[in-house]
Every structure is written in structure tokens, then in C-alpha cells.
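These values consider heavy atoms only, across backbone and side chains, with no hydrogens, waters or symmetry-generated copies.
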Amino acid sequence: MYDSAQIDVVRRFYGAKGDLDVIRSVVAEDARWDIAEGFPNGGVHQGLDRIIGDFFPFLADFEEFRCVGDAFFEDGDHVIVLGRYLGTTTGGKAVSSRFAHVFTVRAGKISQLRQTSDTLPIARALDR
């Protein structure tokens, strides 16, 4: 199956698994992350440096954390992904949580992410 250029960018983002070099290569400098309240470091993060510095540190609470896209849909410069977060906390608890991501991709980079997810499984796994 052929992926569009926009879906390919999102797949590369998911494949980064926290690798900041890959993230920097697919996310725009002026990107905006709008993360559901209740998700670790949830809220709005503006700019790639703030996204990396203020949002991604939650990964330190996990031995493994990945985004698995189950279905990808494209509409113009938007890529919608339905999927699951899968991981294991540093305390050894497994977590699985559903998400919906709406990405905006412009000029070959992610310029916006709007995320919603079932935050309760993650909070329980992190004892929060």
C-alpha cells in the first residue's frame, strides 16, 4: 500500500520513538502541540524547543513508550490517526491507551498536533 507524503511524515514521527534527531527532522520549528489535559505534560506547547523541553520529558517515566497507528486518514494537509499508546513504566507496569491524533503537515513537516486520548490507563500505570 502506498502512503502519501503527509502520512509518511507522520509514520516517521511515530518511528522516532523519542529520537530527538528524527523528531527535529519531521517537526517544524514553530509547531504547536495541543495535548489533552490529564495526559503527562498535557496542555499547549508552542515551538519545537518547548515541545522537546516541556512535553517529551514524560518519556523518562517509561522503559518503553510507543505510538502505534492503527488507521491513517488524510484530508488535504491533515492526517488523522487512530491508534494506541503502548508502553511499560519504569516501575514495570504495562500500559495501553487509545488515542486520536490530528496532524497538520505543511512543507513536509508536522506543524500541529491535536491529541486526545484515554488518559486514565496512563495515570493509573504512573500511580497518579
Are the charged groups of Arg106 and Asp77 less than 4.0 angstrom apart, N to O?
yes
Between Ile23 and Tyr14, is there a shared hydrophobic cluster once you connect ILVMFWY residues whose side-chain heavy atoms come closer than 4.5 Å?
yes
Under the criterion side chain to side chain contact (heavy atoms under 4.5 Å, CB included), I'd like the reasoning laid out for Thr116 against Ile35: C-alpha separation, chi angles, the key distance, then a yes or no.
CA-CA 7 Å; Thr116 187; Ile35 305 300; over 6 Å; no
Please check if atom CG in Asp75 has more than 12 non-hydrogen atoms from other residues, nucleotides or ligands closer than 6.0 Å.
no
Could you check whether Arg128 pairs with Asp61 (Lys NZ or Arg NE/NH1/NH2 to Asp/Glu carboxylate O, under 4.0 Å)?
yes
Hydrophobic cluster membership, Val102 vs Leu82, 4.5 Å side-chain cutoff:
yes
Under the side-chain contact (heavy atoms from CB on, under 4.5 Å) test, which residues partner Leu59, sequence neighbours left out?
Phe56, Phe65
Over 12 foreign heavy atoms within 6.0 Å of CZ, Arg12:
yes
Looking at His101 versus Tyr85, is the centre-to-centre ring distance below 6.0 Å?
yes
For residues Ser4 and Glu74, is any side-chain donor paired with an opposing acceptor at under 3.5 Å?
yes
Could you tell me whether the side chain of Gln115 and the main chain of Ala36 form a donor-acceptor pair under 3.5 Å?
yes
May I ask you to test the Asp34-Gln112 pair for a side-chain heavy-atom distance under 4.5 Å?
no
Counting only N and O atoms by type, is there a donor-acceptor contact under 3.5 Å from the side chain of Glu63 to the main-chain atoms of Gly92?
no
Please determine if Arg24 and Asp49 form a salt bridge, counting it only when a charged side-chain N lies under 4.0 Å from a carboxylate O.
yes
Are Val105 and Phe13 side-chain neighbours, meaning at least one heavy-atom pair lies under 4.5 Å?
no
Are Leu48 and Leu20 connected, step by step, through hydrophobic side chains (Ile, Leu, Val, Met, Phe, Trp, Tyr) whose heavy atoms are closer than 4.5 Å?
yes
Check the pair Arg114, His78 against side chain to side chain contact (heavy atoms under 4.5 Å, CB included), reporting the backbone distance first and the verdict last.
CA-CA 11 Å; Arg114 287 173 285 168; His78 298 290; 3.9 Å; yes
Beyond-backbone contact of Thr88 with Val95, side-chain heavy atoms, under 4.5 angstrom:
no
Phe39/Phe58 aromatic ring centres below 6.0 Å:
yes
For Arg50 and His45, which heavy atoms make the closest approach, and how far apart are they?
O-ND1, 4.4 Å
What's the spacing between Lys17 NZ and Glu64 CD if we round to 0.5 Å?
7.5 Å
Residue pair Val27 / Trp33, side-chain heavy-atom distance below 4.5 Å:
yes
Sub-4.5 Å side-chain heavy-atom contact between Val26 and Lys109:
no
Can you find a pair of side-chain heavy atoms, one from Ile7 and one from Val10, that are under 4.5 Å apart?
no
Kindly say whether Lys93 contributes a backbone atom to a donor-acceptor pair with the side chain of Thr89 at under 3.5 angstrom?
yes
Give, for atom OG1 of Thr119 and atom CZ of Arg98, the distance between the pair rounded to the nearest 0.5 Å.
11.5 Å
Does the side chain of Ile110 come within less than 4.5 Å of Thr104's, by heavy atoms?
no
Is there a donor-acceptor pair under 3.5 Å between the side chain of Asn41 and the backbone N or O of Phe55?
yes
Looking at Ile52 and Pro57, what are the two nearest heavy atoms and their distance?
O-CD, 3.3 Å
Would you say Ser97's side chain and Asp118's backbone share a donor-acceptor pair under 3.5 angstrom?
yes
Can you find a pair of side-chain heavy atoms, one from Val81 and one from Phe103, that are under 4.5 Å apart?
yes
What are the two closest non-hydrogen atoms of Gly108 and Val9, and how far apart are they?
O-CG2, 3.4 Å
